[in-house]
Colleague: 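The structure under discussion is supplied below as structure tokens; questions concerning it will follow.
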Amino acid sequence: MEHLPLKQKITIMVAVLASMLFAALNQTIIGTALPKIVSDLGGMNYFSWIFTIYMLASSVTAILVGKLSDMYGRKPFILFGLGLFIIASFLCGTAHTMTMLIIYRAFQGLAGGMIFSTSFSSIGDLFSPRERGRWQGLMAAVFGLSSVFGPTLGGYIVDHFSWKWIFWIFLPVGFVAFILIMRLFPSVPRKDYGRIDYFGSLFLAGTIIPLLLALSWAGNQYTWGSLQVNGLFAISIIALLAFLYTERKVSNPVLPLDLFKNSVFTISNLIGLLIGIAMFGAIMYMPFFIQGVIGTSATKTGFIMMSMMLSMVVSSTIIGQLITKTGKYKKLAILGLMTMGIGIFSLTTLNVNSTNLDAIYRLMIIGLGLGCSFPIFTITIQNSVAYKYLGVATSSVQLFRQLGGTIGVSIMGAIMNMIMRSNMKNIEMTGSAGNMEGASDPKILMDPEQLQAFKEQIPAEQSELMNQLLGSMRNTLSDALSGAFLFGAFTMILAVILVVFLKEVRLKTSNHEDEEDHISFEGKRRSTV
């Protein structure tokens, strides 16, 4: 599709961006609504699963669909993904238990993986690596805008209507995107690369799912080092070994291992994983601080989170243009990662005396760094492989970024819960909680109605004790979140170190350049992927 007329390319991109917008809005709108959902449905120990199950399902789907779309074309998978996402979004709004919501979010994740994988791969189909900078920047900007509009609208819906509407309000966008893709997106002939790697797909899923379950349950349902957690880690390792063995034997592997011999491919994906940890950690846990510690409403929380994504939109658009104009990206990547790391670390300095303005300028720093680095590593990976592997290579970006997000949210949630339980135990031991119902549950800080009910049940003579207790609970939540953000800052230090070793390679000006222009693998081996 690279040689299609520019006007036709733009109309196709409109359809792709509409699909991306629909999926991204449903992914980002849940952040500011999550505290209210947890309060309504219960299950504080399972709140991270609303996010984790989505990322888990989309991580597995993305890489599988990436390979299949290389064989059968992008169109059938993006259409199926949109249809499934529409149905799952409607079902999420009908959930009346946390278990039901988690199940429906799993289906959303399966569909979201298809949409994101095919959307980013479509840019590679339409444009050469040198041209992709501005389009990847635009794609990041669309994601950023959805992250601005989504949380803001989510907060407003939670404050004025039922949280169920956060899943229903964008269904018309999904229908429009489906129609646009069906009418505008061209079908391509099937490319016969051999049989589908069913066993490799099975073992890959068997590697990812137990790993993420172990990380999610450790420190929550089970202790680290418990039989259940160690058993899941063992299953993941066994499945990984089986996956590696299978991929070396089959003629058409779901994820060709030779790709990882390319240092650009490997380093870029590792950095993407680390970016996912920090990015999704900030998106998911800052609303808890803003609402629970500062005491801001859900609607205002959405506006505060908007600052991060607005700065991301600005920087990603500028960076995309610079990459297309200059063909250079390494210095920009270093600048972006360092800026993002500084922003994440600055979140650890927030406390109970912090204001909304303190949160805003820290989030803006994160957004500037994120927008600077977000588009780059998709381009470097697409530029490092032969065109016939464009789909699976692009999907690997989504896999590692979403895998990082899932791991990051799970670990940061475990850190937060561990610190919170420890501090609340100390409060209970001092007897400061008295006999107040709900006195040891910091989640009431995130729900104005519960907090008001808690205050009303306290006799006037105990008002001072109540204020002391609420102050202790805010301190507890603040300390817990600072510990989680510190982990995110550490991951960005690792990302900056890795990018130093990233080779800056000339961006190709065509999807079909001669083989000698492809990046050679390490060990003096030419790329055959």
Side-chain angles (χ1 to χ4, degrees), residues 120 124 129-130 132-134 136-137 139-140 143-144 259-282 308 311-312 314-347 365-385 393-405 407-408 485-508 518-522 527:
F120 281 99
R130 182 63 180 267
R132 289 173 201 161
R134 61 169 60 96
Q136 293 288 0
M139 188 74 83
F143 181 81
L259 288 171
F260 291 97
K261 296 180 181 179
N262 185 336
S263 63
V264 175
F265 179 89
T266 301
I267 292 175
S268 296
N269 271 323
L270 288 175
I271 294 173
L273 184 144
L274 295 171
I275 290 175
I277 291 175
M279 176 178 71
F280 288 109
M308 172 178 165
S311 60
M312 174 188 168
V314 173
S315 60
S316 65
T317 303
I318 295 173
I319 292 302
Q321 296 293 334
L322 286 175
I323 293 173
T324 296
K325 182 177 180 180
T326 65
K328 303 293 184 180
Y329 53 82
K330 185 169 181 176
K331 290 182 180 179
L332 296 173
I334 293 174
L335 175 64
L337 292 173
M338 290 183 65
T339 303
M340 188 174 173
I342 292 171
I344 294 291
F345 180 77
S346 71
L347 297 181
I365 296 173
I366 296 173
L368 289 172
L370 181 59
C372 190
S373 54
F374 192 88
I376 291 177
F377 299 104
T378 300
I379 297 173
T380 59
I381 287 176
Q382 290 180 340
N383 188 59
S384 71
V385 302
T394 304
S395 297
S396 73
V397 182
Q398 308 306 311
L399 171 65
F400 278 88
R401 187 180 292 153
Q402 294 182 16
L403 188 62
I407 293 172
F485 293 139
L486 186 62
F487 174 76
F490 172 73
T491 64
M492 296 314 300
I493 294 175
L494 297 180
V496 172
I497 294 173
L498 281 175
V499 80
V500 173
F501 297 97
L502 181 68
K503 293 187 296 185
E504 187 164 32
V505 182
R506 179 183 66 87
L507 296 178
K508 294 176 288 190
H518 290 172
I519 300 172
S520 61
F521 285 152
E522 295 176 358
S527 174

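Here, residue 1 is the first one in the sequence, and each next residue gets the next number. All values reported here derive from a predicted model rather than from experimental measurement.
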Colleague: Just how far is it from atom CD1 of Ile344 to atom CG of Leu337, taken to the nearest 0.5 Å?
Modeller: 11.5 Å
Colleague: So which heavy atom on Cys372 is nearest to which on Ser315, and how close?
Modeller: N-OG, 3.6 Å
Colleague: Who are the side-chain contact (heavy atoms from CB on, under 4.5 Å) partners of Lys330, not counting sequence neighbours?
Modeller: Ile334, Glu504
Colleague: Would you compute the distance between atom CD1 of Ile376 and atom CD1 of Ile323 and round it to the nearest 0.5 angstrom?
Modeller: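 Ile376 CD1 to Ile323 CD1: 4.5 Å, rounded to 0.5 Å.
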Colleague: Between Val499 and Phe377, is a side chain to side chain contact (heavy atoms under 4.5 Å, CB included) present by the stated rule, with each step listed?
Modeller: CA-CA 10 Å; Val499 80; Phe377 299 104; 4.2 Å; yes
Colleague: So, for Phe345 and Leu486, which heavy atoms are closest and what is the spacing to 0.1 Å?
Modeller: CE1-CD1, 4.1 Å
Colleague: Start with the C-alpha distance between Ile366 and Leu347, add both sets of side-chain angles, then the distance that settles side chain to side chain contact (heavy atoms under 4.5 Å, CB included), and finish with yes or no.
Modeller: CA-CA 10 Å; Ile366 296 173; Leu347 297 181; 3.7 Å; yes
Colleague: Is there a side chain to side chain contact (heavy atoms under 4.5 Å, CB included) between Arg401 and Thr378? Walk through the geometry before answering.
Modeller: CA-CA 10 Å; Arg401 187 180 292 153; Thr378 300; 3.8 Å; yes
Colleague: Show the numbers, then the answer: is there a side chain to side chain contact (heavy atoms under 4.5 Å, CB included) between Ile493 and Ile497?
Modeller: CA-CA 6 Å; Ile493 294 175; Ile497 294 173; 4.2 Å; yes
Colleague: Tell me whether the count of non-hydrogen atoms from other residues, nucleotides or ligands lying under 6.0 Å of CZ in Phe487 goes above 12.
Modeller: yes
Colleague: Just distance, no hydrogens or angles: give the donor-acceptor pairs under 3.5 Å from side chains in residues 265-282, sequence neighbours left out.
Modeller:
{"unit_1": "Thr266", "atom_1": "OG1", "unit_2": "Phe260", "atom_2": "O", "d": "2.7"}
{"unit_1": "Thr266", "atom_1": "OG1", "unit_2": "Asn262", "atom_2": "O", "d": "3.3"}
{"unit_1": "Ser268", "atom_1": "OG", "unit_2": "Val264", "atom_2": "O", "d": "2.7"}
{"unit_1": "Ser268", "atom_1": "OG", "unit_2": "Thr380", "atom_2": "OG1", "d": "2.9"}
{"unit_1": "Asn269", "atom_1": "ND2", "unit_2": "Phe265", "atom_2": "O", "d": "3.4"}
{"unit_1": "Asn269", "atom_1": "ND2", "unit_2": "Ser396", "atom_2": "OG", "d": "3.2"}

Colleague: Measure the spacing between NZ of Lys328 and CG of Leu322 and express it to the nearest 0.5 Å.
Modeller: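 These two atoms lie 13.5 Å from each other.
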Colleague: Judged by atom type as modelled, is there a donor-acceptor pair below 3.5 Å linking the side chain of Thr339 to the main-chain atoms of Gly369?
Modeller: no
